[in-house]
Amino acid sequence: MTSDLLHQILRRRAGAFCLVVLILFYVAAFFAPLLAPYATSDQDLTKTYHPPTGVVWQEGRLAVRLYKLVDPTCAKYEAEPGQFAPIHFWVKAPTYHFLGFIPVSHRLFGVEAPARLYLLGSDETGRDVFSRLLYGSRVSLTIGLIGILITTVIGLTVGGLAGYFGGVFDSVAMRGTELIMAIPGLYLIIALRAALAKYFDDSDQIFILIVVILSFIGWAGTARVIRGLTLSLRNRPFIYAAEALGQGPVTILWKHLFPNLFSYLIVTSMLSIPGYILGEAALSFLGIGIQEPSTSWGLMLSQVQDLKVFMLNFWWLLTPGLAIFITVILFNVLGDVVRDIVDPKLKTQV
Amino acid sequence: MNAPATPLLQVENLKVHFPITAGLLQRRIGEVKAVDDVSFTIERGTTVGLVGESGSGKTTIGRALIRLVNPTGGTIRYNGKDITFLRESQFRPYRKKIQIIFQDPYNSLNPRLTIFKIISEALEIHFPALGLEQRRARVAELLGKVGLKPEHMDRYPHEFSGGQRQRIGIARALAVEPEFIVCDEPVSALDVSVQAQIVNLLQDLQEELGLTYLFIAHDLAVVEHISDFVLVMNQGKIVEAATAEAIYQNPQDPYTKRLLDAVPKI
């Protein structure tokens with residue numbers, strides 16, 4: 001079933017493209033410390049709002065142009081003709097722990113100080129936007145997957161049990177979901193964040209808090225749909241047959257209902273991942289999401305709400321917005337492709 | 001000398017009512033009397049036919065016997081023991097003795113499981129001591145019994161025709177080695193040519209394994225062919241109960257006469 005699905009996705013051009021690009025994004029996020037030339041908080045106050053450095057082929061190797069600050073009042077840089085700094089591969093860097101326990105003291109590429117390599121320019125304190133984008137993708141890309149995992153587990157449990165047992169449990173569970181759905185999402189998020197903020201202070205905990213808050217809002221919709229699907233599957237004779245054999249309700253849910261909901265779950269998961277990415281971006285943009293010194297795409301966007309970014313055309317600072325846009329589109333298209341593949345009306349009854 | 005044997009199944013004044021509720025608090029405003037005061041007896045090793053039009057409550061009786069719906073009143077005695085209001089855990093041993101075959105061969109098999117897994121589920125529940133190899137051997141044997149091949153066990157239900165699926169459903173019911181099988185319109189969704197094969201298979205199995213059937217149908221010809229005794233149901237009540245010949249040759253109740261008249265004649 002799963003390998004079959006993968007095969008079908010790869011046979012479609014749009015599906016294969018989205019899947020491959022998304023996998024590249026996740027690989028880049030995973031190896032961010034290795035790929036990023038600088039750490040997230042590596043400042044250089046002499047090179048604020050530096051434009052992307054030009055990369056050229058010079059004397060048989062890649063090199064970056066060197067720039068001179070010509071007008072500090074409006075951060076105007078000019079390339080110095082004939083001045084280059086060669087790009088080195090596998091350069092020494094301060095030791096860090098990859099995945100928290102593998103000590104690594106190299107990065108994939110970099111230039112010798114004091115020259116700096118800004119593939120996507122620098123921000124107001126001279127930090128490398130490209131590096132921060134890579135580190136930020138770790139938050140923005142994983143938040144969707146973890147959020148979906150949590151909502152699916154809660155939604156499947158509550159919706160599945162409500163649909164299967166019906167009666168009082170069903171009523172209580174459904175009134176609960178209605179309660180959550182009746183409160184405007186953004187206000188609920190902000191209220192929860194404010195109420196829980198004092199118990200979470202370091203950035204990893206805030207990340208988890210945000211996932212939990214977004215999942216808390218998100219499970220209600222999933223649970224309702226799962227309940228409806230379970231209700232319709234509940235009256236299929238194969239469920240009765242399992243009951244007649246003396247199979248327990250939990251096993252029936254797990255073995256007979258869940259596999260029949262699988263295709264639906266895959267599609268909704270794909271289509272709701274963007275919701276989490278955007279939710280994190282919105283929270284960070286409002287200043288109640290990920291906090292410095294960590295970084296995320298939403299946080300990077302919120303830091304450029306500055307008139308001079310637009311007036312002086314520091315377009316490279318808006319790349320996190322582009323990254324969010326591309327990721328959301330990729331997940332939506334992939335979700336559509338998967339839905340076409342597993343549409344029950346077209347597929348299951350051959 | 002033996003005392004007269006206890007009938008396998010005795011049903012007395014069985015009632016199954018479904019509440020009709022309305023409003024915010026799900027107030028009970030009435031009830032549907034799906035099965036209303038029904039009594040009958042099924043002797044060991046025989047087939048009792050249950051006929052009636054759609055909505056007459058035949059299927060509900062079958063489901064009440066196997067505890068897929070809870071009876072509202074009356075008693076069901078299996079082998080002399082009252083099983084009417086047993087808790088699910090106490091009813092468990094009877095899940096091995098009473099089985100059911102469903103009408104719809106397309107929906108009665110989980111589309112996501114292989115035939116082996118479908119039949120093996122029964123073995124896992126009631127014969128937990130069997131290992132994987134033993135279960136595979138047993139499933140192969142059961143498939144052989146219902147006229148399928150052992151190599152069919154690793155396929156999925158959609159690869160089979162309606163008649164073959166119904167055979168798989170029969171194999172699943174037989175897996176627990178039951179004594180009594182409720183056949184809930186087992187042939188009404190099948191082609192006429194396949195119907196005869198399935199009915200004959202059921203009869204052969206009855207002879208071989210000493211099974212007892214409650215055969216629910218709306219097709220009078222099939223019921224006459226397979227049944228020793230026939231119950232005619234209308235609007236939740238049994239209106240006539242007699243041997244198969246008596247019903248067909250000398251129907252007493254006006255409803256039975258109308259049912260017989262409704263059979264198309266060539």
Side-chain angles (χ1 to χ4, degrees), chain A residues 1-5 156 160 162 164-175 178-179 229-266 341-350, chain B residues 21 24-26 59 62-63 65-69 88-89 91-114 117-127 156-160 165-166 168-170 172-173 175-176 178 181-182 184-186 189:
Chain A
M1 169 74 204
T2 325
S3 63
D4 184 42
L5 184 65
L156 199 64
Y164 186 80
F165 288 110
V168 178
F169 184 82
D170 185 24
S171 300
V172 171
M174 286 307 108
R175 296 305 86 76
E178 280 157 17
L179 190 71
L229 290 171
T230 308
L231 274 178
S232 73
L233 284 173
R234 176 83 184 79
N235 289 319
R236 298 270 291 272
F238 68 82
I239 302 288
Y240 289 135
E243 281 185 353
L245 289 171
Q247 192 65 280
V250 176
T251 319
I252 290 179
L253 275 175
W254 180 249
K255 200 169 158 184
H256 294 288
L257 284 171
F258 179 68
N260 284 290
L261 297 175
F262 180 73
S263 50
Y264 167 79
L265 284 176
I266 279 263
I341 292 170
V342 302
D343 191 312
K345 293 230 166 43
L346 297 171
K347 186 75 195 288
T348 52
Q349 301 283 336
V350 180
Chain B
T21 56
L24 191 65
L25 297 173
Q26 297 295 292
T59 295
R63 291 195 173 166
L65 293 182
I66 196 161
R67 190 61 82 74
L68 291 177
V69 296
E88 182 57 43
S89 56
F91 193 77
R92 188 76 185 269
Y94 296 95
R95 296 263 182 231
K96 188 176 175 307
K97 294 178 177 159
I98 313 176
Q99 270 304 310
I100 185 161
I101 300 167
F102 291 95
Q103 170 180 13
D104 180 355
Y106 293 91
N107 278 321
S108 61
L109 306 175
N110 186 341
R112 302 255 179 239
L113 296 182
T114 60
K117 283 184 181 155
I118 289 171
I119 299 177
S120 167
E121 183 175 19
L123 301 174
E124 282 164 30
I125 298 170
H126 293 285
F127 303 94
Y156 285 87
H158 71 260
E159 298 173 54
F160 294 92
R165 290 188 198 202
Q166 202 57 296
I168 295 164
I170 293 171
R172 172 175 57 193
V176 301
I181 298 182
V182 176
D184 186 2
E185 307 204 32

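Here the structure is a predicted model, which is why all the values come from computation and not from measurement. Letters go in sequence order (proteins before strands), and every chain restarts at 1.
- Atom NZ of B/Lys96 has more than 12 neighbouring heavy atoms from other residues, nucleotides or ligands inside a 6.0 Å radius.
- Closest approach of A/Asn260 to B/Pro111, counting heavy atoms only: OD1-CG, 3.4 Å.
- A/Ile266 is linked by a side-chain contact (heavy atoms from CB on, under 4.5 Å) to A/Leu5, A/Phe262, A/Val338, counting only residues two or more places apart in sequence or in another chain.
- In this structure, the separation between CZ on B/Arg63 and CD on A/Glu243 is 10.0 Å, given to the nearest 0.5 Å.
- Of the atoms belonging to B/Ile66, it is side-chain heavy atoms, and not backbone ones, that fall under 4.5 Å from chain A.
- Minimum heavy-atom separation, A/Phe238 to B/Asn110: CB-N, 3.6 Å.
- Contact of B/Glu124 with chain A is made through the side chain alone, with heavy-atom distances under 4.5 Å.
- Listed here is the closest heavy atom pair of A/Ala241 and B/Ser108: CB-O, 4.5 Å.
- In this structure, the side-chain contact (heavy atoms from CB on, under 4.5 Å) partners of B/Ile125, at least two apart in sequence or on a different chain, are A/Leu245, A/Gln247, B/Arg92, B/Glu121.
- Of the candidates B/Leu109, B/Asn107, B/Ile100, B/Asn107 is the only one forming a side-chain contact (heavy atoms from CB on, under 4.5 Å) with A/Pro237.
- Using a 4.5 Å heavy-atom threshold, the side chains of B/Leu113 and A/His256 count as touching.
- Residue B/Arg67 does not touch chain A at all, counting heavy-atom pairs closer than 4.5 Å.
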